[in-house]
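Labels below follow one simple rule: chain letters A, B, ... track the order of the sequence lines, proteins then strands, and each chain is numbered from 1.
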2 protein chains.
Amino acid sequence: MPQDFRCDCPFTSALDILGDKWMLVIVKQMLVEGKETFKDFTESEEAIATNILSTKLKLLEEVGIIIKTKRPGNKKTNLYLLTDMGLALTPILVELASWSDSHLRGLNPSIVDGEAMESMRRDKAAFASALEQNYRAKLASMVYE
Amino acid sequence: MPQDFRCDCPFTSALDILGDKWMLVIVKQMLVEGKETFKDFTESEEAIATNILSTKLKLLEEVGIIIKTKRPGNKKTNLYLLTDMGLALTPILVELASWSDSHLRGLNPSIVDGEAMESMRRDKAAFASALEQNYRAKLASMVYE
DNA sequence: TGTTTTTACTTGCAATTTGAAAGTTAAAGT
DNA sequence: ACTTTAACTTTCAAATTGCAAGTAAAAACA
């Protein structure tokens with residue numbers, strides 16, 4: 001069901017999957033904000049509509065960027081977790097944030113600028129690596145809860 | 001006219017501008033394929049419709065990613081060129097292509113894999129830098145033609 | 001110089017996507 | 001049992017995308 005690809009270009013093919021307003025925002029919410037459940041996503045600052053959220057979560061799962069699972073002993077709440085394929089999007093997200101930091105403040109003066117942004121500016125690769133490690137640590141800890 | 005921003009998040013703000021099927025594809029065509037004119041873009045492999053192309057070029061210009069100019073002595077053909085803000089998108093494009101290379105071949109087996117891809121795999125930063133330098137060299141040479 | 005071609009669009013309209021709001025179902029909590 | 005919560009689905013309006021055709025001005029050609 002992942003839609004067709006426009007051509008054989010690696011840039012364009014990535015955008016065939018990720019090129020919309022929501023796919024990478026959902027990944028960011030998982031990676032950076034620790035969101036896991038349908039409810040978590042609906043409560044985000046970006047205010048995604050539930051029908052869109054449902055559609056995009058399905059697509060992310062079909063592509064292999066996330067997996068849908070449940071906490072043991074809970075039959076109600078779905079957990080959405082990043083796969084390796086999803087975690088591999090971290091450098092893209094960091095480059096997007098870095099570009100915003102350098103070039104979008106004129107258009108959107110409200111863009112945040114705290115400790116995290118400073119650390120990103122200091123060392124992008126380390127920042128991306130820390131985000132990924134942090135998420136992997138959380139995944140590892142979940143197994144034993 | 002650049003549309004509103006959803007919130008103060010730097011990731012999301014970048015996607016408010018770049019998060020669609022065409023904005024980064026057009027930038028890629030300029031940076032990687034050397035496309036400059038309206039005609040060039042319409043002849044691309046991705047086959048963008050002329051009304052969409054027109055709209056997106058306008059938006060890219062309003063945001064400051066490209067500038068619209070003309071060759072001296074030619075009143076007909078518009079030239080679209082990347083600004084510094086636009087060239088700063090290079091690392092994002094390279095990360096997108098790199099992700100496709102590693103994770104999208106299963107879904108799109110037709111993704112190309114030539115000398116350029118190998119050089120990208122060898123050193124992403126150098127690859128991005130070379131793309132950017134190459135484009136800047138072209139810009140510099142244009143002034144004297 | 002007049003005609004044709006090229007370039008860069010715009011317009012009209014259908015199809016798809018997005019989005020707000022309300023409704024549904026099953027599990028959990030009380 | 002009754003209420004609440006989580007995760008959707010449905011409906012329908014609005015916005016966006018995309019194809020096809022048309023237009024206007026510059027440039028090339030005869």
From NZ (A:K70) to OG1 (A:T37), nearest 0.5 Å:
11.5 Å
Whole angstroms only, please: what is the CD-C1' distance between B:E43 and C:dT6?
11 Å
Rounding to an integer number of Å, can you tell me how far A:E46 CD sits from C:dG19 P?
12 Å
Side-chain N or O of A:W22 less than 4.0 angstrom from OP1 or OP2 on C:dT17?
no
Student check: side-chain heavy atoms of B:N134 and B:L31 closer than 4.5 Å:
no
Nearest-nucleotide comparison on DNA chain C, the residue closer to the 5′ end among A:T77 and A:A49
A:A49
Nucleotide C:dT17, atom P - distance to CE of A:M23 in whole Å:
13 Å
Between A:N74 and A:I48, whichever has its closest DNA chain C nucleotide further toward 5' is A:I48
Drop me the distance from B:L57's CG to B:I52's CD1, to the nearest 0.5 angstrom.
11.5 Å
Hey, quick one: are A:V112 and A:V25 part of the same hydrophobic cluster, counting side-chain heavy atoms closer than 4.5 Å, chains of contacts allowed?
no
What is the distance from CG of A:L59 to P of C:dT17, rounded to the nearest Å?
11 Å
Could you tell me whether the side chain of B:M120 reaches within less than 4.5 Å of the side chain of B:V94, counting heavy atoms only?
yes
B:E43 bridged to B:K39 by N-O distance under 4.0 Å
yes
Under 4.0 Å, heavy atoms only, any strand: does B:K70 hit a base, just the sugar-phosphate, or nothing?
nothing
At a heavy-atom distance below 4.0 Å, what parts of residues 33-41 of chain A sit against DNA chain D?
A:T37, A:F38, A:K39
Report yes if at least one side-chain N or O of B:N51 is closer than 4.0 Å to OP1 or OP2 of C:dC9; otherwise report no.
no
DNA chain D: 5'-most and 3'-most nucleotides touching chain A, 4.0 angstrom heavy-atom criterion:
D:dT5 to D:dT11
Any Lys/Arg nitrogen of A:K56 or A:E61 sitting under 4.0 Å from an Asp/Glu carboxylate oxygen of the other?
no
Taking CG from B:L53 and P from C:dA8, how many angstroms apart are they, rounded to a whole number?
9 Å
By nearest-nucleotide position on DNA chain D, the 5'-leaning member of A:S54 and B:K75 is A:S54
Separation between CZ (A:R136) and CG (A:L82), nearest 0.5 Å, reads 9.5 Å
Here the gap from B:L104 atom CG to B:I111 atom CD1, rounded to the nearest 0.5 Å, amounts to 4.5 Å
About how many Å separate OH of A:Y80 and NZ of A:K68, when rounded to the nearest 0.5 Å?
4.0 Å
From NZ of B:K21 over to C1' of C:dT16, roughly how many Å is that when rounded to an integer?
12 Å
Intermediate values then yes/no, side-chain contact (heavy atoms from CB on, under 4.5 Å), B:L15 and A:M23:
CA-CA 10 Å; B:L15 294 168; A:M23 296 288 274; over 6 Å; no
If you draw the axis of the six-membered ring of B:W99, does the NZ or CZ of B:R105 fall within 45° of it and under 6.0 Å from the ring centre?
no
Quick check on the helix from C:dT1-D:dA30 to C:dT30-D:dA1: what's the angle between its two end axes, five base pairs per end, to the nearest 10°?
20°
If you take atom types as modelled and just measure distance, does the side chain of B:T50 reach the base of C:dT10 with a donor-acceptor pair under 3.5 Å?
yes
